[in-house]
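Structure first, then comments.
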Number of protein chains: 2
Amino acid sequence: MVAGPLPAPSGPGKDRLRLWVRLLRASRSIEAELRERLRQEFNTTLPRFDVMAALYRAPEGMLMSDLSRFLLVSNGNVTGIVDRLVSEGLVARARRNGDRRTSMVRLTEEGSKTFAVIAAAHESWIGELLGNVSEDEARRLTGMLNSFRSNWEGRE
Amino acid sequence: MVAGPLPAPSGPGKDRLRLWVRLLRASRSIEAELRERLRQEFNTTLPRFDVMAALYRAPEGMLMSDLSRFLLVSNGNVTGIVDRLVSEGLVARARRNGDRRTSMVRLTEEGSKTFAVIAAAHESWIGELLGNVSEDEARRLTGMLNSFRSNWEGRE
DNA sequence: GCAAATTATTTCAAGCTTGAAGTTTCATAA
DNA sequence: TTATGAAACTTCAAGCTTGAAATAATTTGC
């Protein structure tokens, strides 16, 4: 990935390839910047933020497998991140709810407060980092990105 | 990141936030699919592919720091990936070139042949995964992505 | 020349990530 | 019942990733 801008190849399919390369470089750049700021300002990480963001939207809690599906990461991965959030007191596992295999995961009160602060900063960072995109352009881009999502979504 | 489609919040900056979420989900989905195929079909990984792609475009070789800068990953990271590629015989380090701190890294002949095969498959996968995007639309999207890159690029 | 700063790289610990294998629990049905 | 299969998680090894510290080599300023 991240093949570069130098030779500018042409041919059938090259435009899609170039699009993919740009897409990847864009998201990697932004991710890197966000990761850095989360670390510096809040001493946390992107995966923790992702998990907390998902849980913030689900006050009733989520199953581990819900989290895994929603965040597009593996089951085992979520286990580790939630473990760390639990040890930080930001998240709690609630066993017992009929099915003893599952555990409802939710933000603690502290987790919820902490997340609200971080999320506000996060949103303003995005506004800054995507400052060159007008709100109107953002809507159009979002629509275009949406359109080609269906092509592979729900495959695996 | 990867906050979801459910509540659809609004307000200033929300469109940029939504754009970022879509961008991230799109690239993660595609990355996951590519990773899976690289593993299944070629028994390799995305980071290895990235390094080989960079080197393929630089027959004269690249410094470790060039690779790191180009791929947007840390120095230490490149060391590990190149180590593995070297042990697989796909890449070679050539010390001695005036400055004894540096090492020119380049594809071996086998590495070059191997990469050509994988790259062909990779390009056709992209064509397939981005099949919903017309070539024309791809060019426009690429342009838009390009436009907001300058905003943070060259920061760190 | 030579100390100090800079540059290129590696090493390291901690955390993220995956896919596969293992555990526990639940559901089904013979 | 009870086995057998499926589902929800966890564990694990291997690899990726980062930022910081350590090494080594070069360059700069005096």
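Letters go in sequence order (proteins before strands), and every chain restarts at 1.
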(request) For salt bridge (Lys or Arg N to Asp or Glu O under 4.0 Å), just list the numbers for B:Asp83 and B:Arg93, CA-CA rounded to whole Å, side-chain angles, deciding distance to a tenth of an Å, and then say yes or no. (result) CA-CA 9 Å; B:Asp83 283 351; B:Arg93 277 186 175 91; 2.9 Å; yes
(request) Count the heavy atoms of every other residue, nucleotide or ligand shown that sit under 6.0 Å from CD of A:Glu109, and state whether that count exceeds 12. (result) no
(message) For a quick check, with a 4.0 angstrom heavy-atom cut-off, what is the B/S/- contact string for nucleotides 7-13 of chain C, read 5' to 3'?
(response) BSBBB--
(request) Let me know the distance between CG of A:Leu71 and P of C:dT18, rounded to the nearest Å. (result) 10 Å
(message) Between C1' on C:dC16 and CD on B:Glu31, what's the gap in Å once rounded to a whole number?
(response) 14 Å
(request) Using atom types as modelled and distance alone, determine if a side-chain donor or acceptor of A:Thr142 lies under 3.5 Å from a backbone N or O of A:Ala138. (result) yes
(request) Check the distance between D:dT18's C1' and A:Leu34's CG and give it to me in whole angstrom. (result) 15 Å
(request) Side chain of A:Arg39 only, please: which of D:dG19, C:dA20, D:dT17 is the nearest? (result) D:dG19
(request) Starting from C1' on D:dT10, measure out to CD1 on A:Ile81 and report it in whole angstrom. (result) 14 Å
(message) Is it the case that the side chain of B:Asp66 and the backbone of B:Leu63 share a donor-acceptor pair, with hydrogens and angles ignored and the cut-off at 3.5 Å?
(response) yes
(request) Select from A:Pro47 and B:Gln40 the residue whose nearest nucleotide in DNA chain C is closer to the 5' end of that strand. (result) A:Pro47
(request) Could you check how far CG of B:Leu85 sits from C1' of D:dG15, rounded to whole Å? (result) 12 Å
(request) Please state how far atom CZ in B:Arg35 lies from atom P in C:dC16, giving the value in whole angstrom units. (result) 16 Å
(message) Please report the distance, rounded to the nearest Å, between CG in B:Leu46 and C1' in C:dG19.
(response) 16 Å
(message) Out of the candidates A:Ile81, A:Leu107, A:Thr108, only one should pair with A:Val91 under the side-chain contact (heavy atoms from CB on, under 4.5 Å) rule; please name it.
(response) A:Leu107
(request) Mind calculating the distance between CG (B:Leu38) and C1' (C:dG19) to the nearest angstrom? (result) 15 Å
(request) Hey, could you give me each pair passing ring pair (Phe, Tyr, Trp, His ring centres under 6.0 Å) that has a residue in residues 89-120 of chain B? Not counting sequence neighbours. (result) B:Phe49-B:Phe115, B:Tyr56-B:Phe115
(message) Quick check: do B:Phe42 and B:Val117 have side-chain heavy atoms less than 4.5 Å from each other?
(response) yes
(request) Please check the phosphate of C:dT24 (OP1 and OP2 only) for any side-chain N or O of A:Arg100 closer than 4.0 Å. (result) no
